[in-house]
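Counting from 1, the numbers follow the sequence of the chain as shown. Computed from a predicted model, the values in this text were never measured in an experiment.
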Amino acid sequence: QVKNRKYGETPLHLQCRNSQITLSKAAALINQAPETASLLNKDDQSPLHIACQSNAMFPILKMLVQASPSMLKQRNRFGDTPLTSLWGSYSQSIPGQLSLCRVKMGLPCDEGHFQRFWAKAEFLALESYFFASSLPSEKSNDKLLAHAIICTPGCPRLMLDIALRINPDLASILDTKQNYPLHSVLLRKEPMYQQRDALKLLLKLFESAAKYRDHEGVLPLHRAIKKGISWNGGLSDIMKAAPDAMDLRDRGSCLFPFMLAASVRGGDDAALSDSFALLTARPDVVGYALLS
């Protein structure tokens, strides 16, 4: 557990910088003193951060996570988790940028370095999700990757696009609460970066998700309105995917969508504009409202 004075790093930190070819030395240090996996250097980086930045072998990452799973959510002084450290290190390299662009464009990418990187990124995202959700029994279910990316704070937004390019079926996978990834986006406490693009992509791959209620019994259209998502920010896309939801009252407020939209954000101009857009899209709903 001895740290050097300059950087405050343990022998395990130092060895994780040099584990691209062999894992025997790092593995010996972890087995001898697994508690060192939780020690931070002067930049608040754990050995897992260092391993992710340094392209360490995949088994090293697995051993570090097993020794100290809480380090999955540890942020260094730059605000990076191990996952974002891994993503940043790879995406800043020219081969990494080219590979990510190819996959995002729907082109095949058989490069070995991308396959190794993606295996690590997928592992860290899933393990972070399982650790935060206390779901040890689900650790073998890699089909929850879309949920893991959406629900893990700070997870790179581009990772969702890449995951859905590699496996479009992820958009139609239910989590343990019976939510689709579309629901997971709308249930986030903080909006995703480029949220409308994420909503459009998920709806394109599995439009039917917009017709199902989430685990709290709320339809995506109602949830989006309550979240303050604007007409041009994704509300129109959800409405087009499930137009019948316009005829249904929100279970909590008993309001139709156009009424609900007018009531959010204190009924400001933006809320009224969204309400008008909903009415314009389905003017016949006014008749239902008056009759009921």
Side-chain angles (χ1 to χ4, degrees), residues 129 133 143-153 155 157 159-161 163-164 167-265 267 270-286 288-289 292:
Y129 176 65
S133 305
K143 292 182 179 180
L144 293 175
L145 181 58
H147 292 281
I149 295 170
I150 293 165
C151 297
T152 301
C155 195
R157 167 67 183 81
M159 189 174 178
L160 180 62
D161 293 353
L164 292 172
N167 184 5
D169 291 340
L170 292 174
S172 60
I173 300 297
L174 289 165
D175 67 6
T176 55
K177 294 181 178 180
Q178 300 302 298
N179 292 323
Y180 288 109
L182 177 68
H183 297 133
S184 292
V185 172
L186 297 173
L187 286 163
R188 280 175 55 107
K189 292 182 179 179
E190 299 293 332
M192 290 188 75
Y193 175 66
Q194 296 180 339
Q195 181 169 261
R196 185 181 185 183
D197 291 339
L199 292 171
K200 290 178 71 173
L201 180 57
L202 289 168
L203 288 168
K204 178 182 178 181
L205 295 175
F206 187 61
E207 187 178 74
S208 295
K211 302 174 183 178
Y212 292 96
R213 299 179 185 272
D214 61 29
H215 72 287
E216 295 179 349
V218 181
L219 285 167
L221 182 64
H222 296 155
R223 178 72 68 185
I225 294 171
K226 291 180 177 181
K227 284 286 187 177
I229 296 176
S230 68
W231 180 255
N232 292 324
L235 190 60
S236 61
D237 303 296
I238 297 173
M239 189 280 293
K240 292 173 183 175
D244 290 345
M246 291 284 289
D247 303 336
L248 300 175
R249 293 175 182 269
D250 171 55
R251 288 180 175 178
S253 63
C254 293
L255 297 177
F256 285 100
F258 78 92
M259 296 175 175
L260 189 62
S263 69
V264 300
R265 299 191 299 270
L272 294 176
S273 177
D274 291 339
S275 178
F276 179 74
L278 287 164
L279 274 173
T280 303
R282 287 292 300 274
D284 54 308
V285 176
V286 176
Y288 299 145
S292 59

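- What you find for I229 and G234 is that their closest heavy atoms are CG2-N, 4.0 Å.
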I'd like to know whether K211 forms a salt bridge (Lys or Arg N to Asp or Glu O under 4.0 Å) with D244, so could you lay out the CA-CA distance, the side-chain angles of the two residues, the decisive distance to 0.1 Å, and finally the verdict. CA-CA 8 Å; K211 302 174 183 178; D244 290 345; over 6 Å; no

Side chain to side chain contact (heavy atoms under 4.5 Å, CB included) for L186 and D214? Distances and angles first, verdict last. CA-CA 10 Å; L186 297 173; D214 61 29; over 6 Å; no

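- Remark: Y180 OH to I173 CD1 distance equals 9.0 Å, nearest 0.5 Å.
- When all heavy atoms of L174 and L144 are compared, the pair lying nearest together is O-CD2, 3.6 Å.
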Check step by step if side chain to side chain contact (heavy atoms under 4.5 Å, CB included) holds for V264 and I225. CA-CA 8 Å; V264 300; I225 294 171; 4.2 Å; yes

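- In terms of heavy atoms, L202 sits closest to A171 at CD2-CB, 4.0 Å.
- Ring-plane geometry between H147 and Y129 is classed as parallel, the angle between the planes falling under 30 degrees on a 0 to 90 degree scale with a further cut at 60.
- When all heavy atoms of Q194 and R157 are compared, the pair lying nearest together is O-NE, 3.5 Å.
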Residues L203, K240; criterion side chain to side chain contact (heavy atoms under 4.5 Å, CB included); working and verdict: CA-CA 10 Å; L203 288 168; K240 292 173 183 175; over 6 Å; no

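- A side-chain contact (heavy atoms from CB on, under 4.5 Å) with R213 is found for exactly one of R223, H183, R251, namely R251.
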Please determine whether side chain to side chain contact (heavy atoms under 4.5 Å, CB included) holds for the pair S275 and L278, giving the CA-CA distance in whole Å, both sets of side-chain angles, and the decisive distance to 0.1 Å. CA-CA 5 Å; S275 178; L278 287 164; 5.6 Å; no

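- In this structure, I150 and L187 have side chains that are not in contact, with every pair of non-hydrogen atoms separated by 4.5 Å or more.
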